[in-house]
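Since the structure is predicted, the reported quantities are computational estimates derived from the model, not experimental observations.
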Amino acid sequence: MNGRESKETIVLQVNVQRKGVAMDVMWKTVQEEGVNVLVVSEPNKKRVKGVEWMTDVREDVAVRVFGRHERGERFGKGEGFVWIKFNEWVLYGCYISPNTGIERYTKFLGDLGESVNKWEGEVVVAGDFNAKSPLWGSPITNDLRGSLLEDWMAERCMVCHNCGNAPTFLRGAQKSHIDLTLSTEGVARRMKEWRVREQENLSDHQDIVWVLGTTGECERGEDRMTERGWSVVEEKMEGLVEVMKESVKTMDKRKDLVCETKRVLEETCARVLKKKGCMGKRKGVYWWTEEIADKRKECLRKRREWMRCQKKRRNTELSTEKEKEYKQNKKELTVLIKRSKEKAWKRVCEEVDRNVWGEGYKIVTKWMGRRMSGIACGENVMEEARKLFPEHGPLEWTDLVVDGQVPAFTLDELQEAAGKLRKGKAPGPDKIPPEVCKMYAKECGKECLEVMNRCLEKGQVPKEWKVARLVLIEKERKEGENAKYRPICLLNGMGKLYEGMLAARLRNDVRRLGGLAETQYGFRAGRSTIDAMMDAREYARGANVGTWGTRRFCVMVTVDVRNAFNTVSWRGILERLVSMGVEPYLVNVVRSYLSDRVVQTGMGEFEMTAGVPQGSVLGPLLWNIFYDEVLRMEVPDGVKLIGYADDLAVIVIGKNEEDLRERTEEALRLVGAWMGDNGLSLAPEKSEAVLLVGRRTIRGMSVCMEGRAIETREAVRYLGVDFQRNLRVAEQVERVVRKAKLVVGALGRLLPNVGGPRASKRRVLGSVVHGILLYGAEVWIDGYRIQKYRQMLLGVQRNMLLRVCCAYRTVSGEALCVLAGVPPLDLLAEERLQEWKRRKNERVRESNSAPSVACKGEARKDLMQAWCERWRQTEKAAWTRRLIPNLTEWVDRGHGEVNHYTSQVLTGHGSFGAYLKRIGKIECSACWYCEEGVEEDVEHAIFDCHRWTRVREECVMKLGKRVNVDNMIEIMIENEEGWTAIERMLVTIMKAKCEYERERERVEEVRGE
């Protein structure tokens, strides 16, 4: 952070006057100064639409927080101001227009003051107040604004940090001090630096940078938490194996093997791998160049020369000349930035072709970002951690007696567990990357197995493997809400390897004893959220059987359990293992695994006395074993409990409204009683209900949970899908369409028609859109069967495929699907449904983690048959259908990709006279090169026009045969050589035609002028 202490907060305060190019320069300042918090007055409204920005009601001011340095706890907004609450202070960003009258200005200060008054701690107010006063450097107090603001500050004992030496607004001879930083006295004592930044920023307002220090409270544990680990590079893995094997020979087996293994791995990493870079290092602005930097310096120099001439007031001609020079340089800087951004963007597009998962993919998936999401740090981490990990009494448990010898782990078990260690994951407290642990198990399996078996024989989990490094991931929150966190425990890689072997043993033993409840779908191989949602949907549909008068009612209540994973009782887990009949040696190891656990934070460490670590390997299985009892409890008739991890859905069917309410409340009472007996608690305020099946006479109903009424809603989101009243799908369709359109918008900039990545890479990026539109499609399949909703969904897919195929926007969705080789969205949804049904019929559960190959093959075969039939019957895309009558051969060709020029030929939508006349771009469709009266359609231009005879003859020489409408696609599909030859012919013709079309448009523009 520019050489400053990591605990300082660096704030940049700017006014960009709605200019996009000024915001571009602002990002360079952010990078140069290492800014943590950004306050922008008069932002460009298009640039602050992302979820990472916090804006006021009218988008006149915006605030953004960077990185992990400072995390906002809450935020809110009013008219002309936005606030964000940090650990020890509150920041307000403000803007009030100079055209605002006194009455409105007074109201603005009143609203701002009312908001500021509610905070007992320290407050900073920063922004453009458009008020003048000698208190902050202005020679006069203008109108009543300065006096009103002075009184406002005095009432709240605030300090103004503007010293008056440097003006914050410069426009010609006009100078003023209107961008202010105000704070309470406590913040003023911590303010280490406040300065006006003298750099060209393409705005009339100067940038203000200020640095806020900490209160200097205890920071124990900070060094341990920020210690850097090793960076894994694929090229060095071969050398790492050699060093590892040498180090293993130095192991002293008379000592503690766990410590010896750790020493070997640390020495190996230290000798081969490099330490990771410092945390918080910020990337530079991707489009910034030396030329832009030099031009900005020159621009600043010209501005200073102009200002000096104005000060002397002697030579007005010289002053005018200097002003022109400055404005010219400013204009040139703006042009340079725009051109550089265009070039840099092209590089990003080209980079997508080389690495589809690189920057381009991140840009497309940027919509996934959440407001204020991040990792908590600072002095409130320990407080938040203690809330999430409540203290329970000590675990009093006597180890069970083990009859016989404990069966040792085998090499196959070790390799299976090592294969499940995921690469690229954050290491635990020992900083050893999981890739190194994985490599150790593979290359030094004998030594690794000896360590694991010694631990298993003792029935223990080593203390080093029970230490977790805590990371608090902030959850999504709404305006005005307090920050909430999800705790992730980062564990040592060797410990996770041991957990994986134990989990496999325990899972097999539980399966031998009868397995878990069929309605638990979380953390189980072969099951997914789709299975849970389909189970709920099918059960609800069962109530809808029969005539209208005999149909029953059905309600679904999604039950929320408070802090479930972190409060589950250890004794409850062990008792459940014993009652199930699990092998005693496994129970003893689990007891050792749960006891004496330690959680490290940046502010110290504490003992964990309950819960299963989120981020562990064994934890999810232990949770399922513990939670299994609630899913097996006896409940009233018509009640079904469905679980996905800790998400519990209570689905109730009743004869009438009163019967439905009684059964639901009894089921909720039983669930609540079980939770209370096992140390868990329900959260009625977060639980929701929806009437899935019911008669029209019932508008809604309420059920009671622990004394609190829960009203049925129009829709409830369960596992990412909206379950709407009476199983309608309108809300789900509208939500996913809105989401997918955001991604399509990102694709529009990333995938230009000319240039950019090839079609295969475009399809990968486009799959992000399909992922949104098809998630849970098996559950809300009616959305694809109803004409209105199907058209909405297919419309989004069509917009995405336009970018994949580089085609004109007038091309039909049917033709685009064929060109891209991507089936229509509704057929993909039906394929998923049929695949799920076949998997269910085969009862692929614990043994397989994915649908069988036969299931997938049969579902794809049915899809292709339906697609071919639809392609033959469609009335659209007549030219494309004539060229590609056999859809299967085209899709399965295995080579060749469509680009902007070939797509014009394959669709007939492009630089052809007949098409251009049809869309109203030209008045005459006659061919420019042939005899008068011959219409230039796609067939004439490619196969008959004498202008391209030489190009066609070159293609004939390469292929040995003449190309026509009937055999072109056949030749292209036959082999890659045929595809390449015809593609070169088509591209040559279409490039020339497109260039001619652009030249014709330029001529018409000149004539019009």
Side-chain angles (χ1 to χ4, degrees), residues 11-27 29-30 35-66 72 74-86 90-101 103-116 123-131 145 168-169 178-182 201-208 341 363 366-373 476-481 738-739 741-742 745-746 748-749:
V11 182
L12 175 63
Q13 186 179 329
V14 299
N15 185 321
V16 297
Q17 298 178 306
R18 311 290 186 191
K19 297 177 182 177
V21 69
M23 290 197 74
D24 292 334
V25 178
M26 176 191 72
W27 292 120
T29 307
V30 168
V35 171
N36 306 120
V37 183
L38 178 62
V39 182
V40 186
S41 299
E42 290 192 279
N44 184 292
K45 293 187 178 183
K46 294 181 180 179
R47 305 286 186 92
V48 292
K49 294 293 186 184
V51 293
E52 64 274 13
W53 288 97
M54 289 150 286
T55 63
D56 73 314
V57 175
R58 301 176 62 181
E59 294 183 342
D60 285 338
V61 63
V63 176
R64 181 168 175 176
V65 181
F66 298 94
R74 284 185 291 165
F75 61 92
K77 58 187 175 182
E79 188 171 342
F81 65 88
V82 58
W83 60 264
I84 176 170
K85 173 72 170 65
F86 293 105
V90 182
L91 172 66
Y92 278 79
C94 305
Y95 175 77
I96 185 70
S97 171
N99 301 320
T100 303
E103 289 184 6
R104 188 174 169 190
Y105 195 88
T106 305
K107 183 180 182 302
F108 161 73
L109 289 179
D111 294 343
L112 178 62
E114 184 179 345
S115 179
V116 169
V123 177
V124 180
V125 182
D128 182 0
F129 286 87
N130 278 299
R145 293 186 182 210
T168 62
F169 178 85
I178 54 177
D179 300 280
L180 308 179
T181 307
L182 317 175
N201 59 6
L202 298 179
S203 170
D204 294 332
H205 294 257
Q206 300 292 88
D207 296 341
I208 298 174
K341 287 186 70 178
I363 292 170
K366 188 178 179 180
W367 59 271
M368 297 180 191
R370 301 172 300 159
R371 185 185 294 276
M372 294 301 298
S373 62
E476 187 174 2
R477 54 184 164 126
K478 298 179 181 178
E479 181 183 328
E481 287 186 347
R738 284 195 305 269
K739 244 183 166 182
K741 282 182 177 179
L742 294 176
R749 290 193 62 225

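Residues passing the salt bridge (Lys or Arg N to Asp or Glu O under 4.0 Å) test with Arg738: none are found, sequence neighbours excluded. Taking Glu42 as the reference, nothing meets the salt bridge (Lys or Arg N to Asp or Glu O under 4.0 Å) condition, with sequence neighbours excluded. Every residue two or more places apart in sequence or in another chain was checked for a salt bridge (Lys or Arg N to Asp or Glu O under 4.0 Å) with Lys45, and none qualifies.
Not a single donor-acceptor pair under 3.5 Å links the side chain of Thr168 to the backbone N or O of His205. With hydrogens and angles ignored, the 3.5 Å screen pairs a side-chain donor or acceptor of Tyr92 with a backbone N or O of Ser115. A donor-acceptor pair under 3.5 Å is formed between the side chain of Gln13 and the backbone N or O of Leu180. At least one donor-acceptor pair closer than 3.5 Å links the side chain of Asn44 to the backbone N or O of Arg18. Proximity of a side-chain donor or acceptor of Glu59 to a complementary backbone N or O of Val48 within less than 3.5 Å is not detected. Using a distance-only test at 3.5 Å, with no hydrogens or angles considered, a donor-acceptor pair links the side chain of Tyr105 to the main chain of Phe129. Judged by distance alone, the side chain of Arg64 and the main-chain N or O of Val40 form no donor-acceptor pair under 3.5 Å.
Put simply, the side chain of Leu12 reaches to within 4.5 Å of the side chain of Val30, judged on heavy atoms. When side chains are defined from C-beta on, Asp60 does not count as touching Phe81, because their heavy atoms never get closer than 4.5 Å. Looking at heavy atoms from C-beta onward, Asp56 lies out of side-chain contact with Tyr95 at the 4.5 angstrom threshold. Side-chain contact check for Gln206 versus Asp179: every heavy-atom pair is 4.5 Å or farther apart.
Residue Thr106 holds its OG1 atom at 9.5 Å from CZ of Arg145, rounded to the nearest 0.5 Å. Lys19 NZ to Asn201 CG: the interatomic distance, rounded to the nearest 0.5 Å, is 8.5 Å. A distance of 9.0 Å separates CG in Leu202 from CG in Asp24, rounded to the nearest 0.5 Å.
Scanning both residues, Ser203 and Asn15, for their nearest heavy atoms gives OG-O, 2.6 Å. Shortest non-hydrogen contact noted between Cys94 and Ser41 is O-OG, 3.3 Å. Of all non-hydrogen atoms in Val14 and Leu38, the two that sit nearest each other are CG2-CD1, 4.4 Å. The two atoms that bring Phe108 and Glu79 nearest to each other are CD1-O, 3.8 Å, heavy atoms only. Residues Pro98 and Asn130 approach most closely at CD-ND2, 3.3 Å, considering heavy atoms. Nearest heavy-atom pair, Pro43 versus Val61, reported as atom, atom and distance to 0.1 Å: CD-N, 4.0 Å.
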Where do Val124 and Thr181 land on the side chain to side chain contact (heavy atoms under 4.5 Å, CB included) test, with the steps shown first?
-> CA-CA 7 Å; Val124 180; Thr181 307; 4.2 Å; yes
